[in-house]
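Data block below; observations after.
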Protein chains: 2
Amino acid sequence: METVELHGNVYSGDCPTRQILDRIGDKWTALVIGLLEDGQTLRFSEIKRGIGGISQKMLTQTLRSLERDGLVTRTVYAEVPPRVEYTLTPLGNTLVAPLTAIREWAENHIEAVAEAQTQYDEAE
Amino acid sequence: METVELHGNVYSGDCPTRQILDRIGDKWTALVIGLLEDGQTLRFSEIKRGIGGISQKMLTQTLRSLERDGLVTRTVYAEVPPRVEYTLTPLGNTLVAPLTAIREWAENHIEAVAEAQTQYDEAE
DNA sequence: CCGAATCCCACCGGATACTG
DNA sequence: CAGTATCCGGTGGGATTCGG
């Protein structure tokens, strides 16, 4: 029989929030989803060009994770040269709203944060 | 004079969203904010006990970042042994809502994500 | 009790080269 | 065009020790 923590400690790594934040908090995921929102369907190269500085490796890796999580659909066309298109799944689309909430918070409060930082820093 | 990208490429690292996601996407920030929501005032040791697995180093580092960003207030009491309390600032409180949106999304869709993963994996 | 300092390893992610 | 494979440096973060 196991003892149970009485209060708090709700988060122990098995917490779903942890898992999701690990996903969308990584370097590129949020940007890819941002590009694909509004039902956009984009090719690999289009996404790559749309996000400055991402490497093929990381874009491939990010898209694979998103596909595995059921957030993005990957469609390969049997042509030559190959064409591969990506789009958000219905599940992926439901993630756009909370992500937008974060983005809007960032845009609305980034100045306050920056100000707090300089104030904190020059207080030495 | 600089050339300007015509379309897309809104995100180049200077994007505020990137910056905020880097913050809240790290391993512990969201958990600390979660503990402090509802106007909670907690001591260092209480926060530490409330979050399973965090080290003093990371808790200190996380709290310092939050303080620097103006999201958390740090109050030191000149007692012995020392007592230090943390609480969310008004700015910090405004971050609770979007964070909650993420948490709720996670709780509502984590099963769908897990199912998509196993399906993807056993499709080998 | 709270935190700074140090050591150290895992792994994230960039650069490059190679395939179908 | 859309990947896979390999190498490698920077760093996030744990363990431990020391200080006020």
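Here is the naming used below: chain letters follow the sequence lines, and residue numbers restart at 1 for every chain.
Residue A/Arg49 places no side-chain N or O under 4.0 Å from the OP1 or OP2 atom of D/dA2. Residue A/Ser55 has no polar side-chain atom (N or O) positioned under 4.0 Å from OP1 or OP2 of C/dG13. Residue A/Thr60 has no polar side-chain atom (N or O) positioned under 4.0 Å from OP1 or OP2 of D/dA2. Contact annotation: A/Arg43 reaches the phosphate of D/dA2 (side-chain N/O to OP1 or OP2, under 4.0 Å). Distances shown here put every side-chain N or O of B/Tyr86 at or beyond 4.0 Å from the OP1 or OP2 atom of C/dC2. In this structure, A/Arg64 reaches the D/dG3 phosphate: one of its side-chain N or O atoms is under 4.0 Å from OP1 or OP2. Dashed line: the shortest gap from a side-chain N or O of A/Arg83 to OP1 or OP2 of D/dG3 is not under 4.0 Å.
Here the C1' atom of nucleotide C/dG13 and the CG atom of A/Leu31 are 15 Å apart, to the nearest Å. As a whole-Å value, the separation of A/Met58 CE from D/dT4 C1' is 15 Å. Put simply, CD1 on B/Ile51 is 16 Å from C1' on D/dG14, counting in whole angstrom units. Rounded to an integer number of Å, the gap from A/Gln61 CD to C/dG13 P is 7 Å. Computed from coordinates, the B/Asp22 CG to C/dG13 C1' distance equals 13 Å when rounded to whole Å. Residue A/Ile54 contributes atom CD1, which lies 17 Å from atom P of C/dT16 at whole-angstrom precision. Per the geometry, CG belonging to B/Leu59 stands 14 Å off C1' belonging to C/dA4, to the nearest Å. Atom C1' of nucleotide D/dC1 and atom CG of A/Leu42 are separated by 15 Å, given to the nearest angstrom.
A/Tyr77 comes within 4.0 angstrom of no nucleic acid atom, judged by non-hydrogen atoms across all strands.
Atom CD of A/Glu37 sits about 12.0 Å away from atom OG1 of A/Thr87, to the nearest 0.5 Å. Note that the OG atom of A/Ser65 and the CZ atom of A/Arg68 stand 7.5 Å from one another [nearest 0.5 Å]. Rounding to the nearest 0.5 angstrom, the gap separating the CD atom in A/Gln56 from the CZ atom in A/Phe44 is 6.5 Å. Annotation: the span from A/Leu21 atom CG to B/Leu31 atom CG amounts to 8.0 Å, rounded to 0.5 Å.
Closest contact between the side chain of A/Lys57 and the listed nucleotides D/dC7, C/dC2, C/dT6 involves D/dC7. Side-chain proximity of B/Ser45 to the nucleotides C/dC1, D/dC1, C/dG3 is greatest for C/dC1. You'll find that the side chain of B/Phe44 is closest to C/dC2, out of C/dG14, D/dA15, C/dC2. The B/Gln56 side chain lies nearest to D/dT16 when the options are D/dT16, C/dC2, D/dG3.
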Item to complete: Carefully, step by step, assess B/Thr94 and A/Asn108 under the rule side chain to side chain contact (heavy atoms under 4.5 Å, CB included).
Response: CA-CA 10 Å; B/Thr94 65; A/Asn108 291 333; over 6 Å; no

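Residue whose closest nucleotide on DNA chain C sits further toward the 5' end, between A/Trp28 and B/Glu46: B/Glu46.
The base of D/dG13 lies outside donor-acceptor range of the side chain of B/Lys27, with no N or O pair under 3.5 Å.
Looking at B/Leu66 and B/Ile33, their side chains come closer than 4.5 Å, going by heavy atoms from C-beta outward.
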